[in-house]
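Numbering of ligands and ligand atoms starts at 1, following listing order. When a residue number appears, it is its place in the shown sequence, counting from 1.
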Amino acid sequence: LTVEMLQSGAWKKAEFKKFNFDSLGVNPSGGHLHPLMKVREEFRQIFFDTGFEEMPTNEFVVSSFWNFDALFVPQQHAARDLQDTFFLKEPAVATELPEFWETVKDVHEKGGYGSIGYRYPWSQEEAKKLVLRTHTTAVSSQMLYKLAQEPYRPAKYFSIDRVYRNEAVDATHLAEFHQVEGIIADKNMSLGSLIAFMDRFFQKMGITKLRFKPAYNPYTEPSLEIFSWHEGLNTWVEIGNSGMFRPEMLRPLGLEEGVQVAGFGLSLERPTMIKYGVDNIRALVGHKVDL
Ligand SMILES: COC[C@@H]1[C@H](c2ccc(C#Cc3ccccc3)cc2)[C@@H]2CN(C(=O)Nc3ccc(OC4CC4)cc3)C[C@@H](O)[C@@H](O)CN12
């Protein structure tokens with residue numbers, strides 16, 4: 001039945017087949033989850049299945065204190081330079097620091113807990129500078145501080161959210177990416193416990209052959225880079241980083257002697273690009289582009 005038939009009156013003589021009320025309609029495409037959100041959901045389920053609680057990561061702006069100083073990252077560390085970190089202009093600084101800031105100042109200047117510290121004059125102004133968080137470990141430090149306010153209990157926290165690095169962008173790096181991070185607070189933990197946990201965790205992602213290489217982070221000692229054997233590329237691929245948080249970070253946060261915290265992290269974009277065969281990270285974000 002067309003407009004022309006209606007206008008000309010031809011519909012009056014036309015033969016129409018009977019309505020088939022049993023035929024199925026066209027399945028309306030009601031939208032799709034973004035690939036990053038699909039992989040994020042897979043990670044979230046693995047963390048929930050292994051007893052982790054999700055951290056509140058809704059504040060992208062943090063003070064340098066939580067993003068760096070509380071993590072024992074010295075104030076002259078390259079990661080704190082403009083070419084690596086996005087500093088806010090307005091407001092430029094936090095109005096105040098948490099009440100334990102002097103303990104952090106002391107551990108940077110004089111050390112403690114077996115450390116000789118960095119022996120430089122620590123600045124409150126530097127610590128108050130507001131940044132777009134460069135890692136979700138800026139939330140982990142706040143969660144551990146809150147945990148230390150309560151009587152000791154083992155805890156497992158995770159976060160999967162956006163972090164910002166003022167880096168040159170290329171086919172696999174953007175200024176913004178999603179970090180996946182897990183931290184485990186407990187007593188009598190060793191590096192072996194962390195390695196065993198990561199073996200189990202990544203196995204649930206279908207990654208079986210892991211290897212670990214000593215690495216360095218200002219906030220973890222020892223630190224390990226995590227590698228996985230990539231059948232397709234026939235080589236070891238770096239899939240993340242991990243380590244035992246240092247006492248110079250844990251003790252000022254208020255966590256008692258004997259409580260250790262292990263942590264590990266990876267990005268969300270890398271596994272998503274592999275899973276969905278995306279070779280340019282720009283295809284994952286923003287409007288559709290012909291790459
Ligand atoms: C500025 O770059 C940071 C990001 C991101 C990263 C690195 C470290 C951490 C961390 C941490 C940490 C350490 C100690 C304690 C707490 C957190 C988090 C994200 C990925 C970490 N990386 C990364 O994701 N690689 C990766 C992950 C998964 C994957 O596919 C799986 C097989 C299916 C393939 C690759 C390694 C590299 O891609 C690296 O070049 C890029 N890294």
Q: May I ask you to identify the nearest protein heavy atom to atom 23 (C) of ligand 1, giving residue, atom name and distance to one decimal place in Å?
A: Ile239 O, 3.3 Å

Q: Provide the number and element of each atom of ligand 1 under 4.0 Å from a heavy atom of Ser267.
A: 5 (C), 19 (C), 20 (C), 21 (C), 23 (C), 24 (O)

Q. Applying a 4.0 Å heavy-atom criterion (strictly less than), which segment of Ile207 is in contact with ligand 1: side chain, backbone, both, or neither?
A. side chain

Q) Between the side chains of Gln179 and Asp161, does any donor sit under 3.5 Å from an acceptor? A) no

Q) Do the ring centers of Tyr219 and His135 come within less than 6.0 Å of each other? A) yes

(Q) Checking contacts here: is it the side chain or the backbone of Leu266 that comes within 4.0 Å of ligand 1, counting heavy atoms only? Could be both or neither. (A) both

Q. Under 6.0 Å between the ring centres of Phe100 and Phe65?
A. yes

(Q) Only heavy atoms of Ser242, strictly under 4.0 Å: list the atoms of ligand 1 that pass. (A) 13 (C), 14 (C)

**Q.** Residue, atom name and distance, where the atom is the protein heavy atom closest to atom 38 (O) of ligand 1
**A.** Arg270 NE, 3.1 Å

Q | atom 1 (C) of ligand 1: nearest protein contact (heavy atom, Å) | A | Arg165 NH1, 3.1 Å

Q) Using a heavy-atom cut-off of under 4.0 Å, does the side chain or the backbone of Phe264 touch ligand 1, or both, or neither? A) backbone

(Q) Starting from atom 36 (C) of ligand 1, what is the nearest protein heavy atom, named by residue and atom, and what distance separates them? (A) Glu238 O, 3.5 Å

Q: Go through the structure and list residues passing side chain to side chain donor-acceptor pair (under 3.5 Å) with Glu231, not counting sequence neighbours.
A: Trp229

**Q.** Atoms of ligand 1 close to Gly263 [distance to a heavy atom under 4.0 angstrom, numbered from 1]
**A.** 14 (C), 15 (C), 16 (C)

Q | Under-4.0 Å protein heavy-atom contact, atom 30 (O) of ligand 1 | A | yes

Q) Should we count NZ of Lys213 as having more than 12 external heavy atoms under 6.0 Å? A) no

Q.
For Phe201, give me all partners under ring-ring contact (aromatic ring centres under 6.0 Å, His included), at least two apart in sequence or on another chain.
A. Phe47, Phe197, Phe264

